[in-house]
Every structure is written in structure tokens, then in C-alpha cells.
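Have a look at the structure below, then the notes.
Naming: A, B, ... by sequence-line order, numbering from 1 per chain.
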2 protein chains.
Amino acid sequence: MKKQDAVERIEYELTTFIRRAAYKDSSENKIGNLERATYLLLRELDEFGPARVKALAESFKLDISTLSRQAAALEEKGLIVRSSDPADGRVSLFSITELGKQKLKKDKRMRLERYQSMLKEWTGEEKELFGTLLNRLNEAFID
Amino acid sequence: MKKQDAVERIEYELTTFIRRAAYKDSSENKIGNLERATYLLLRELDEFGPARVKALAESFKLDISTLSRQAAALEEKGLIVRSSDPADGRVSLFSITELGKQKLKKDKRMRLERYQSMLKEWTGEEKELFGTLLNRLNEAFID
DNA sequence: ACTATATATTTGTATTATACAAGCATATTA
DNA sequence: TAATATGCTTGTATAATACAAATATATAGT
């Protein structure tokens, strides 16, 4: 594969990974990448608490209108719930519901099982180090 | 971030990475001048030589019709060229052109520069190891 | 207090990538 | 040589997205 340079190797592997990961996400749930978006949105609300549309859009780097629709869809399914901000009548605050927490937990378990199976031959040390390096990459990715 | 388990950490970081990478690649914030699919297709043809639509579709895990359209668009731009397989009149073989190679090279350089800048504080050893682990992850990702 | 402006969100519209199905050309097989 | 299979293209539908317009509420200037 003639990747003489480590950075070149990393670029190549990450690009490949993104393509394969996108396929996985869409093949398991034939509903486009709504499942992925749902997972991320539920995870965000679960981890950081209630948030408004604008904050979610900024977090995901998507247009506000896109998040407005995603949130409305999840609200419709009962996975998140809307409340108004007493301090500002324009704002809708979304929180994860019990049902949403259940779904998130189930989704997460399935994803972790998949990763566990893929990484089953890695040593504990390798997994630790990989996680740490990925975290550093992500930190560097923020502009 | 309370990720007690290394696999949980890896899942979290990879999911985050995919979201951010998708944003970077989106038209206004893309790293290079070529959209993601174009980059991948040119890279494939450059690295492995002429290929038919079906093979490309399988490689990218996309529908044949989707690849047919992507290839037609790149052909239109002069980045790849179509030739017929003398052994089978139904087949179109696509090859990268000189123009395609130029654009691929330019785009790749820009991507590498970006990664180099993000990873500039990593040791050579860390980068080597990260590339190796990513490669193993990708191998495990093939089902 | 009143009006103009700013902000948060929703809704309308266009674009793009995709899958699936139908169609067409060429190969292969019975 | 007719029937079937294969490779690709084209027609159509769907989903995610961005941008623009509309609506509701808040804030600032006078």
C-alpha cells in the first residue's frame, strides 16, 4: 500500500473507516442516517442535560432548521420532551425521556457489543492507548 | 467524561470523530477541493487501476446506479475516462486521467497538511502506532 | 410606552445522495 | 437460435440537508 509516512497512513485509514462506518450505520437501519442522528442527539441530552435547538445545532455543526426537524421527530416518538424556558418564551428546551433513555441504553449496548467483538483480540493496553489517541485527535479536530 | 471502559471510550471517540469529519467534508468546510466521494473514487482508480462500475460499487458498498452516476459526473469533468472492455462489450472500464491525478494529488496534499498540523505534537512513535491500530480496526470492520 | 431591531424557532422550497425498479445492450446457455 | 443472465444507465421516490421566509418573543433607543 506504499504508505511511507505515518500521517499518510492515518489519513488513508481514517478516510476508509468513515466510509465503512457510514455503510454500517445505514445497513442496520434502513432509514438513512436518522438512527445515527438520533443516537447522537439522545446521547447529548443524556450526558449534558436539557438543551435548546440552537445549542444542539451548534454542537452537531448542522443548520438550526435541521435540528428543529430532528428534535420534532424524536419528540413525536416520545424519546425527548419539549419544555419552555421560563426566562425566554422563544426557547424550547428538550430533555431526554425515560423511553429515550431506554432506547439510548439499548443502542449503546449494541454498539459496544459490536466494538467489543471487533477489538476482542486487542490487548487492554492497546485499547487504552487507542482510546487516548483518538481523544487527542478529536480535541485537535475542533477549530 | 466517566468512560470507565476502554471500548466505551473508543466507541464514544469514534462516533464523535465521524460527526466532526462529516462536517469538515461538507461542501463549505471541506478539506480539499473535491468532494468526499470524488476523492475516494479517484484514489481507488489511482491506487488499483482501471475498474468497472460494479467493482467500484462493491468497494464502496453503494448501489451500482449510484456509482454509475458518480462515475458519469467525474467523466464529464474529465477526471476519469471510460473505455470499453474488449472482452465484454457491456462493461465500461474507468481510469483516472492526468487531470484526475493532478486533482487527486493536490487534494491529498491538502488533506495531509491538515492532518500533519493536527498531529504535530504527536511523537513519531505515537503516529506509527495509531496508524497501525487504525488499520487493524479497519480490517476488523470488514464483514 | 412605542417602535424598530434582534433572536429563537418553525415551515416552505430546492438540492443532493441514495436505493430500487425498469429498460437497454450484450453475453451465455440450452 | 431462442431464452436467460449480466452490466450498466435511466426513471422515480425518499431522506437529510441548507437556505430563505414566516412567526413569536425579547431588547434597545427614543
Exercise for the section: Take nucleotides 9-16 of chain C nucleotide by nucleotide from the 5' end and write B, S or -, depending on whether a protein heavy atom sits under 4.0 Å from the base, only from the sugar-phosphate, or from neither. Expected result: SBBBB---

Exercise for the section: Whole angstrom is fine here: how far is it from CZ in B:Arg36 over to P in C:dA17? Expected result: 13 Å

Handout entry: Side chain proximity check, A:Phe17 to B:Ile18, heavy atoms < 4.5 angstrom
Key = yes

Handout entry: Between D:dC8 (C1') and B:Asp85 (CG): distance, integer Å
Key = 13 Å

Exercise for the section: Starting from P on D:dT17, measure out to OH on B:Tyr23 and report it in whole angstrom. Expected result: 14 Å

Practice task
Output all residues satisfying side-chain contact (heavy atoms from CB on, under 4.5 Å) with B:Lys101, sequence neighbours left out; order by chain, then residue number.
Solution key: B:Asp46, B:Ile96, B:Glu98

Problem - Integer-rounded Å distance: D:dT17 C1' and A:Leu40 CG - result: 16 Å

Completion exercise
Separation of D:dC8 atom C1' from B:Ile80 atom CD1, nearest Å, is 14 Å

Exercise for the section: Check the distance between D:dA18's C1' and A:Phe60's CZ and give it to me in whole angstrom. Expected result: 18 Å

Handout entry: Contact check, side chains of A:Asp5 and B:Lys127, non-hydrogen atoms, under 4.5 Å
Key = no

Problem - Flag side-chain contact, heavy atom, 4.5 Å: B:Leu74 against B:Phe94 - result: no

Problem - Side-chain ion pair, B:Glu13 and B:Arg9, N-O less than 4.0 Å - result: yes

Completion exercise
Sorted by chain and number, sequence neighbours left out, side-chain contact (heavy atoms from CB on, under 4.5 Å) with A:Ala55 holds for A:Arg52

Problem - Length of the CD-P vector between B:Gln70 and D:dC8, whole Å - result: 15 Å

Fill in the blank from the handout: In whole angstroms, the gap separating P of D:dT10 from CD of B:Glu75 amounts to 11 Å

